[in-house]
Amino acid sequence: MVDWKNPPRLFIPGPVHVLPEVLEQLSRYTLGHRGKEYSQLHKETVDMLKQVLFTEQNVFLSTSSASGVWEGSIRNCVDHNETVLCTMCGAFSDKFADVARSCGRNVEELKVDWGQAITPEMIDKKLAEGKYSAVTIVYNETSTGLTNPVYEISEMMKEKYPDVLVFVDAVSGMVGLPLHFDELGWDVVFASVQKAFAIPPGLAVFAVSNRAMAKSKTVTGRGYYFDFQQFAKSAEKNQTPTTPVIPHIMALNYQCAKLLKEGMENVWKRHSQMAEYVRGWAKENFDLFCEEKYASNTLTTIKNTRGIVVGDVIKAIQTKHNTVFGNGYGKLKEQTFRIAHMGDITLADVKELTGWISDELK
Ligand SMILES: Cc1ncc(COP(=O)(O)O)c(C=O)c1O
């Protein structure tokens, strides 16, 4: 049983460690979601998110985890007779393709081995076939600790395929990695707040381009809960279509103000410094799972080159230090392990954790 007075410190790639001051935001008095105070909170939060995401287009708050927006992006922006190209390089990008299929859309896969990146050349080759209306990409593949070269991909897309819509899963990338939504020309981007926003799970943030909003008007069967048109209608009143998770929005408001005060460039730099340290430690003691040039700045997936029993080390660190890091995801369990360095975790924190793991391996 968890000792609630002394909860474990999380270094798993979501949910991540949450600061007490953020938790406090979740216990403020609640508001009526159709009242003036909520509208103020909503507007202020969305305005700040637009700065965080470098967009002047549409930003919405969804009381769901990010998986809902996987579905929302497909059901709103891909028509029933259209084909979507799903790029797949790990557990979560693979799931995005499953979601598109489960929405009854035609899916073509562009699949590489886990740990490989999706490159602009690969996408270019597929899109040259001319049959795709949209492409799905994961910014940061949480299973493999890999960051796809999305800036290069976006340059290629803007130049050669400006009419193809781009849906980006930035669940473990948003906040921790650069993200200039308008400049990138993306159509939908989303994340849940239990990653680098460092808030407990329960809320997702997403941005939608104006052209994707226009397209969604023409698509039938968009469903109810994730209908972008309903989000837009409610946004005119600084509201959400259904009752939102107001405590989380208070925490998001708090976190956005903090991020903007720090400055997004500094936030990204802080994440890259933690990542560099962990990568250095990983290379000295094990190896990186993916090519260093694509290694993520929000989490590191480490190849278990020494054949340690990862589960045992995780248990030992939890018992001795009340701290938890992640085993490998799915088929990579025991072959790899993952250390998240996103959100309000600091360089001192990751130094402490890696030191403890080193001690445990002596
Ligand atoms: C890259 C990525 N996409 C999607 C998801 C699903 O997000 P959620 O669990 O918030 O629905 C996750 C969860 O870890 C993820 O890491």
Side-chain angles (χ1 to χ4, degrees), residues 46 49-50 53-62 64 66-87 93 95-110 118 123-124 126-139 150 153-171 174 179-191 204-236 240-242:
V46 167
L49 280 171
K50 288 184 177 178
L53 300 177
F54 292 84
T55 182
E56 289 173 7
Q57 301 184 81
N58 315 278
V59 171
F60 302 123
L61 303 176
S62 169
S64 68
S67 303
V69 194
W70 270 339
E71 186 163 335
S73 61
I74 301 293
R75 293 188 76 174
N76 280 270
C77 304
V78 181
D79 222 331
H80 301 267
N81 57 353
E82 292 176 336
T83 302
V84 55
L85 177 66
C86 293
T87 66
S93 41
K95 279 188 197 173
F96 204 167
D98 287 344
V99 171
R101 264 188 296 264
S102 76
C103 293
R105 301 313 195 262
N106 305 314
V107 168
E108 284 252 353
E109 301 182 351
L110 193 181
I118 300 291
I123 298 182
D124 185 9
K126 286 299 279 184
L127 291 184
E129 294 167 10
K131 59 181 180 188
Y132 303 102
S133 61
V135 56
T136 68
I137 308 170
V138 70
Y139 189 165
V150 290
I153 291 170
S154 300
E155 275 313 305
M156 182 280 293
M157 294 284 304
K158 282 195 291 187
E159 192 192 318
K160 299 183 85 169
Y161 307 99
D163 297 333
V164 175
L165 299 185
V166 183
F167 311 146
V168 181
D169 169 338
V171 172
M174 192 181 284
L179 201 172
H180 302 84
F181 184 72
D182 290 355
E183 185 190 317
L184 284 158
W186 292 350
D187 294 285
V188 183
V189 72
F190 50 89
V205 165
F206 66 108
V208 184
S209 70
N210 294 333
R211 71 171 181 168
M213 289 305 301
K215 168 85 183 271
S216 87
K217 263 191 201 162
T218 69
V219 177
T220 55
R222 298 187 296 270
Y224 177 76
Y225 198 71
F226 296 104
D227 181 352
F228 290 179
Q229 292 304 318
Q230 291 304 321
F231 274 92
K233 214 166 129 193
S234 298
E236 285 172 16
T240 50
T242 55

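Quick caveat, the model's predicted, so the values are computed rather than measured.
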Distance, nearest 0.5 Å, that separates CG of L53 from CG of D182: 9.5 Å
Side chain to side chain contact (heavy atoms under 4.5 Å, CB included) between V135 and I153: does it pass, once the steps are laid out? CA-CA 11 Å; V135 56; I153 291 170; over 6 Å; no
Any residue meeting ring pair (Phe, Tyr, Trp, His ring centres under 6.0 Å) with F181, in chain and number order, not counting sequence neighbours: none
What closest approach, in Å, do A100 and C86 show between heavy atoms, and which atom pair accounts for it? CB-SG, 4.2 Å
Does any non-hydrogen side-chain atom of V205 lie less than 4.5 Å from one of L61? yes
Report the C-alpha distance between Y161 and D124 in whole Å, list the side-chain angles of each, state the deciding distance to 0.1 Å, and finish with yes or no for side chain to side chain contact (heavy atoms under 4.5 Å, CB included). CA-CA 9 Å; Y161 307 99; D124 185 9; 2.5 Å; yes
Side chain to side chain contact (heavy atoms under 4.5 Å, CB included) evaluation trace for L127 with K160: CA-CA 9 Å; L127 291 184; K160 299 183 85 169; over 6 Å; no
Correct closest heavy-atom pair for R105 and R75 would be NH2-O, 3.4 Å
Could you check whether any side-chain heavy atom of F167 comes within less than 4.5 Å of a side-chain heavy atom of I74, counting everything from C-beta outward? yes
Do the ring planes of F60 and F206 sit parallel (below 30°), tilted (30 to 60°) or perpendicular (above 60°)? tilted
Partners meeting side-chain contact (heavy atoms from CB on, under 4.5 Å) with R211 (sequence neighbours left out): L165, D187, S209
Do T242 and Q230 have side chains that get closer than 4.5 Å, going by heavy atoms? no
Within a radius of less than 6.0 Å around CD of E56, do more than 12 heavy atoms belonging to other residues, nucleotides or ligands occur? no
Closest non-hydrogen atom pair between C77 and F228, with its separation: SG-CE1, 3.9 Å
Salt-bridge contact K95-D98 (side-chain N to carboxylate O under 4.0 Å): no
I'd like to know if the side chain of S73 reaches the main chain of W70, judged simply by a donor and an acceptor atom lying under 3.5 Å from each other, with no hydrogens or angles considered. yes
Taking C-beta and beyond as the side chain, do I137 and I118 meet within less than 4.5 Å on heavy atoms? no
Does any non-hydrogen side-chain atom of S62 lie less than 4.5 Å from one of F190? no
Distance-minimising heavy-atom pair for A191 and A66: C-CB, 4.1 Å
Do S216 and Q229 come within less than 4.5 Å of each other through their side chains, counting heavy atoms only? yes
Sequence neighbours excluded, the answer for side-chain hydrogen bond (donor to acceptor under 3.5 Å, both in side chains) partners of T240 is none
Nearest 0.5 Å please: distance from the CD atom of E71 over to the OG atom of S64. 10.0 Å
Would K126 and E129 pass as an ion pair if we require N to O under 4.0 Å? yes
I'd like to check T87 versus F96 (side-chain heavy atoms, cut-off strictly below 4.5 Å). Are they in contact? no
Looking at K158 and E183, would you say the former's side chain and the latter's main chain have a donor-acceptor pair under 3.5 Å? yes
Atom of V78, atom of K215 and distance for their closest heavy-atom approach: CA-NZ, 4.4 Å
Taking the side chain as everything from C-beta on, heavy atoms only, tell me whether L184 gets closer than 4.5 Å to M157. no
Run the numbers on V150 and W186 for side chain to side chain contact (heavy atoms under 4.5 Å, CB included), then give the verdict. CA-CA 10 Å; V150 290; W186 292 350; 3.7 Å; yes
Looking only at non-hydrogen atoms, find the nearest pair between V168 and Y139 and report the distance. CG1-CB, 3.9 Å
